[in-house]
Amino acid sequence: MAHRYLAGQKSAYPVVLEAWKMCDGEREALLNALYAMSALTDGQPDLLEGVGQELLIRSLQNNLKDAEVTLFAIRLARHVCLKHEQNRQDLVKAGILRHLAQAISHHGTDPDLVREACSALRIMTFDDDIRVPFGHAHDHAKMIVLEHAGLKLLIEAAKGFTDNNLVLSELCSTVARLCVRNEFCQDVVDLGGLNFMLALLADCIDHQELVKQVLNAIKAIAGNDDVKDAIVSSGGTDLIVLAMTRHLSNTQICDQGCAALAMLALRKPENCKVIMEGGGALAALQAMKAHPKDASVQVEYHNTIVIY
């Protein structure tokens, strides 16, 4: 970071920008320019300005069939949008959501590109810029789902990576970020996303990162009361309890597991009974005992017990 900051202070951005402008039709030069700009803006999103935004959109638009160029361009987009609300809004207005969706649909078998595109889509739904009182995270999530069929795109893409836990983790995490409305949660079920995630949880129970992200996605879609019933009737509570007891030493899995159980129990007394009989309360208590100094686990445990 110190080297990147020094380069930024010594006017590296306008130099790389000028080189980028001269890359039309020269693939290797374009790759180098995108790589350099991506490295320079990592942690320094303020460097990007209007001309850079235009070049980024043009690079995505003109090189859709080139997986490597698209990958580098998306990585740059991810760097300049993280913790920078204005860049997010400007690029969304310029049509970057469409390019990210197209990248996944055109290169759905490329694991690196799909992971990068998922991460970029997710960042578009962040509200992480402390300089801005109100961001457009919610609006961006709605646009991804309604205008670009984001949920269908991600769930279909996931079916092609059943043996790649890293890609599946990114896809599940992104689906969770997009479930900002009641009907979106139901859409995940209707598109086969719930059954797919429960099957993942059963088959990949030993892969901690994937388990954490699946639990996060289950918690997100359980905001819909009808989806709560679908999860419980499909045996989701048993899988959540199994994941928590299998990974009791993992703080994040215990946190997400307790939160998912609490969400399933909320406003649903009949679900509380199923969770209690399935050992949910005991699993939550064990998680609390295993992580006495972790505030998030303690809070989620107390929320779970209060709702029960």
Side-chain angles (χ1 to χ4, degrees), residues 78 82 111 114-123 125-126 128 141 151 154-155 157-159 161-180 185 188 193-223 227-228 231-232 234-266 275 278-280 282-304:
R78 180 168 61 82
L82 186 63
V114 170
R115 286 183 65 196
E116 201 73 49
C118 283
S119 180
L121 281 173
R122 199 163 60 251
I123 285 172
T125 69
F126 283 4
D128 57 356
L151 288 173
L154 296 172
I155 292 170
K159 295 175 183 177
F161 292 101
T162 52
D163 59 345
N164 192 321
N165 294 328
L166 293 176
V167 176
L168 289 171
S169 295
E170 289 286 348
L171 287 161
C172 288
S173 179
T174 308
V175 167
R177 292 292 307 185
L178 297 181
C179 292
V180 296
C185 300
V188 173
L194 172 60
N195 290 336
F196 183 81
M197 287 189 290
L198 292 179
L200 273 183
L201 195 54
D203 295 340
C204 305
I205 197 71
D206 291 325
H207 299 277
Q208 296 189 26
E209 180 60 27
L210 179 55
V211 168
K212 182 185 75 173
Q213 297 302 342
V214 171
L215 292 176
N216 181 39
I218 290 174
K219 177 189 70 175
I221 64 174
V227 175
K228 286 181 175 67
I231 294 170
V232 172
S234 299
T237 52
D238 292 337
L239 288 171
I240 294 170
V241 171
L242 176 62
M244 291 175 63
T245 53
R246 181 72 65 89
H247 302 289
L248 198 58
S249 62
N250 188 305
T251 304
Q252 294 176 323
I253 289 179
C254 289
D255 181 20
Q256 293 295 336
C258 285
L261 290 175
M263 187 62 74
L264 291 172
L266 184 63
I275 294 170
L282 179 59
L285 178 60
Q286 289 174 333
M288 184 183 184
K289 290 180 177 178
H291 305 282
K293 296 183 180 180
D294 190 278
S296 61
V297 174
Q298 299 296 315
V299 169
E300 292 299 346
Y301 167 77
H302 283 291
N303 289 342
T304 306

Query raised in the report: Would Cys254 and Gln286 satisfy side-chain contact (heavy atoms from CB on, under 4.5 Å), going step by step from the backbone distance to the final call?
Result: CA-CA 9 Å; Cys254 289; Gln286 289 174 333; over 6 Å; no
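- Nearest approach of Met244 to Cys258, heavy atoms of both residues: CE-SG, 3.6 Å.
- Two residues are said to be in side-chain contact when any heavy atoms from C-beta on lie closer than 4.5 Å; Leu215 and Val211 meet this criterion.
- Residues Val214 and Leu239 have side chains not in contact (no heavy-atom distance under 4.5 Å, counting atoms from C-beta outward).
- Residues Val188 and Met197 share a closest heavy-atom pair of CG1-CE, 4.0 Å.
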**Report entry** side-chain contact (heavy atoms from CB on, under 4.5 Å) assessment of Leu266 paired with Lys228
**Finding:** CA-CA 9 Å; Leu266 184 63; Lys228 286 181 175 67; 4.1 Å; yes
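- Contact of the Thr237 side chain with the Ile231 side chain is not registered, since no non-hydrogen atoms from C-beta on lie closer than 4.5 Å.
- Using a 4.5 Å cut-off on side-chain heavy atoms (C-beta onward), Leu168 and His207 make no contact.
- No side-chain heavy atom of Phe196 sits under 4.5 Å from any side-chain heavy atom of Ile155.
- Using a 4.5 Å heavy-atom threshold, the side chains of Ile240 and Ile218 count as touching.
- Between the His247 side chain and the Ile205 main chain, a donor and an acceptor come within less than 3.5 Å of each other.
- Minimum heavy-atom separation, Ala220 to Cys185: O-SG, 3.6 Å.
- In this structure, Ile221 CD1 and Leu194 CG are separated by 4.5 Å, a value rounded to the nearest 0.5 Å.
- From Leu121, atom CG reaches atom OG of Ser173 across 11.5 Å, with rounding to the nearest 0.5 Å.
- Within the 4.5 Å cutoff, the side chain of Arg115 has heavy atoms near those of the Leu166 side chain.
- Interatomic distance, Gln213 CD to Leu200 CG, rounded to the nearest 0.5 Å: 12.0 Å.
- Residue Arg246 holds its CZ atom at 10.5 Å from CD1 of Ile253, rounded to the nearest 0.5 Å.
- Taking all atoms of both residues into account, the shortest heavy-atom contact from Gly278 to Val241 is O-CG1, 3.9 Å.
- Note that NZ of Lys219 and CG of Leu264 are 11.5 Å apart. Values are rounded to the nearest 0.5 Å.
- Between the Thr162 side chain and the Lys159 main chain, no donor and acceptor come within less than 3.5 Å of each other.
- Between Cys118 and Leu154, the closest side-chain pair of non-hydrogen atoms falls below 4.5 Å.
- Looking only at distances, a side-chain donor or acceptor of Ser169 sits under 3.5 Å from a matching main-chain atom of Asn165.
- Under a 3.5 Å cut-off, the side chain of Ser119 and the backbone N or O of Glu116 do not form any donor-acceptor pair.
- Annotation for Leu198 and Ser234: closest pair CD1-CB, 3.5 Å, computed over non-hydrogen atoms.
- For the atom pair Leu178 CG and Arg122 CZ, the distance stands at 9.5 Å (nearest 0.5 Å).
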